[in-house]
There are 2 protein chains.
Amino acid sequence: MDVTNIENQRVKVQEKINNIFDDRQGLSGCCPIKDILGRFGDKWSIYTILMLGREEKLRFNELKGLISGISQRMLTVTLRSLEEDGLVTRTVYPEIPPRVEYRLTELGQGLLLQLLQLADWAKLHIQEILDARQRYAQQ
Amino acid sequence: MDVTNIENQRVKVQEKINNIFDDRQGLSGCCPIKDILGRFGDKWSIYTILMLGREEKLRFNELKGLISGISQRMLTVTLRSLEEDGLVTRTVYPEIPPRVEYRLTELGQGLLLQLLQLADWAKLHIQEILDARQRYAQQ
DNA sequence: ATACTAGGTTACTTTTAGTAACTCAAAAGT
DNA sequence: ACTTTTGAGTTACTAAAAGTAACCTAGTAT
């Protein structure tokens, strides 16, 4: 890639960024990235989405078993927030003991694909980041 | 896209997810997505990266002016964490009054590109999400 | 001598994340 | 007849993180 191409790419990036900020008249409105990352960007939401992406449908305690370290409360809170955003559906079967099934919606599956793209980038560069942290820690 | 293609895609997704979990032997290790989103996934980091992506280099108070609502402390904390991860460089010019310039590293620019991809998805689907929240709120 | 500048800290308060123990309703064991 | 188990959660609490307001430094201009 020559100098002109790099410059072209830079201009495209700037346009995109301007677009993001234009859309929310002067920073006080809602920024879609912030809004979305602010919701699913925590570790429990990510693990939950990944697990539901792998297994298609899962019950509450199956999820709890798969996501090691999560407490019942945090799983409830996480699932409710994903449900609220339309990323996950919750189906209750009124039996005793109760049975509840969770699965990703189409929207949730779309988000999963984005997450996996990010994961590819993360895997490629995680070592660079860890190295940077090491250097920073050493003064 | 016919049924076979959908099935193919699903298998690919599952392989990728299995890969992510394999890499960190049994969930206790570090998951690159979690690790990375856990660091830059907050609103101040996102705004900071976007601003530095737009302007190439910025001084502390320029950033403070551009990111409306951020306090000095939160900007310091955010910049330090981005610096620690090798996403941003901090250059001090030992003058009085001091001058400090921040810019994205190559790594930071790479992350910015990923963020912009996510922003594209977010813009396409933010209304669906907002609608879902409305529905959820109404019982 | 006072005020201003850039780029922060320190000490404090509020918000959020997370834990441990409890609930519900029926079924099965002792 | 009472205790335990099961699935899917709540409630009440504590620890940690995010955020605010006031202060600092060192030189320069008024």
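So you know, we letter chains A, B, ... as the sequences are listed, proteins then strands, and number each from 1.
Residues satisfying the side-chain contact (heavy atoms from CB on, under 4.5 Å) criterion with Gln134(B), sequence neighbours excluded, are Gln138(B). Qualifying side-chain contact (heavy atoms from CB on, under 4.5 Å) partners for Glu15(B), counting only residues two or more places apart in sequence or in other chains: Val11(B). Remark: Trp121(A) engages His125(A) in a ring-ring contact (aromatic ring centres under 6.0 Å, His included) (not counting sequence neighbours). Remark: Ala122(A) pairs with Pro32(B), Ile36(B) by the side-chain contact (heavy atoms from CB on, under 4.5 Å) rule, at least two apart or across chains.
Hydrophobic clustering keeps Phe40(B) apart from Tyr136(A) (ILVMFWY residues linked when any side-chain heavy atoms are closer than 4.5 Å, directly or through intermediates). Under the 4.5 Å side-chain heavy-atom criterion for Ile, Leu, Val, Met, Phe, Trp and Tyr, Ile129(B) and Val77(A) are members of distinct hydrophobic clusters.
If you run salt bridge (Lys or Arg N to Asp or Glu O under 4.0 Å) between Asp35(A) and each of Lys43(B), Arg133(B), Lys123(B), only Arg133(B) comes through.
Using a 4.0 Å heavy-atom criterion, one finds that Tyr102(B) contacts the sugar-phosphate atoms exclusively.
Here salt bridge (charged side-chain N to carboxylate O under 4.0 Å, His left out) pairs that include residues 62-73 of chain B, with residues two or more places apart or in two chains, number zero. Within the structure, no pair that satisfies the ring pair (Phe, Tyr, Trp, His ring centres under 6.0 Å) test touches residues 53-111 of chain A, not counting sequence neighbours. Under the side chain to side chain donor-acceptor pair (under 3.5 Å) criterion, no residue pair touches residues 103-117 of chain B, with sequence neighbours excluded. Here salt bridge (charged side-chain N to carboxylate O under 4.0 Å, His left out) pairs that include residues 108-118 of chain B, with residues two or more places apart or in two chains, number zero.
Side chains of Leu112(A) and Ile17(B) form a contact here, defined as non-hydrogen atoms less than 4.5 Å apart.
Regarding Arg99(B), its CZ atom lies at a distance of 13 Å from the P atom of dG8(C), rounded to whole Å. As rounded to whole Å, 8 Å separates atom P of dG7(C) from atom CD of Glu62(B).
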Practice task
Can you check each nucleotide of nucleotides 18-30 of chain C against protein heavy atoms at under 4.0 Å and return B for base, S for sugar-phosphate only, - for none, in 5' to 3' order?
Solution key: BB------S----
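Less than 4.0 Å separates DNA chain D from at least one heavy atom of each of the following residues of residues 78-91 of chain A: Arg80(A), Arg90(A).
Contacts between chain B and DNA chain D, taken as any atom within less than 4.0 angstrom of a protein heavy atom, begin and end at dA18(D) to dG27(D).
Across its full length, the helix from dA1(C)-dT30(D) to dT30(C)-dA1(D) shows an angle of 40° between the axes of its 5 terminal pairs at either end, rounded to 10 degrees.
Positionally, the nearest nucleotide of DNA chain C for Asn61(B) lies more toward the 5' end than for the other of Asn61(B) and Thr76(B).
Rounding to the nearest 0.5 Å places CD1 of Ile126(B) at 10.0 Å from CD of Glu128(B).
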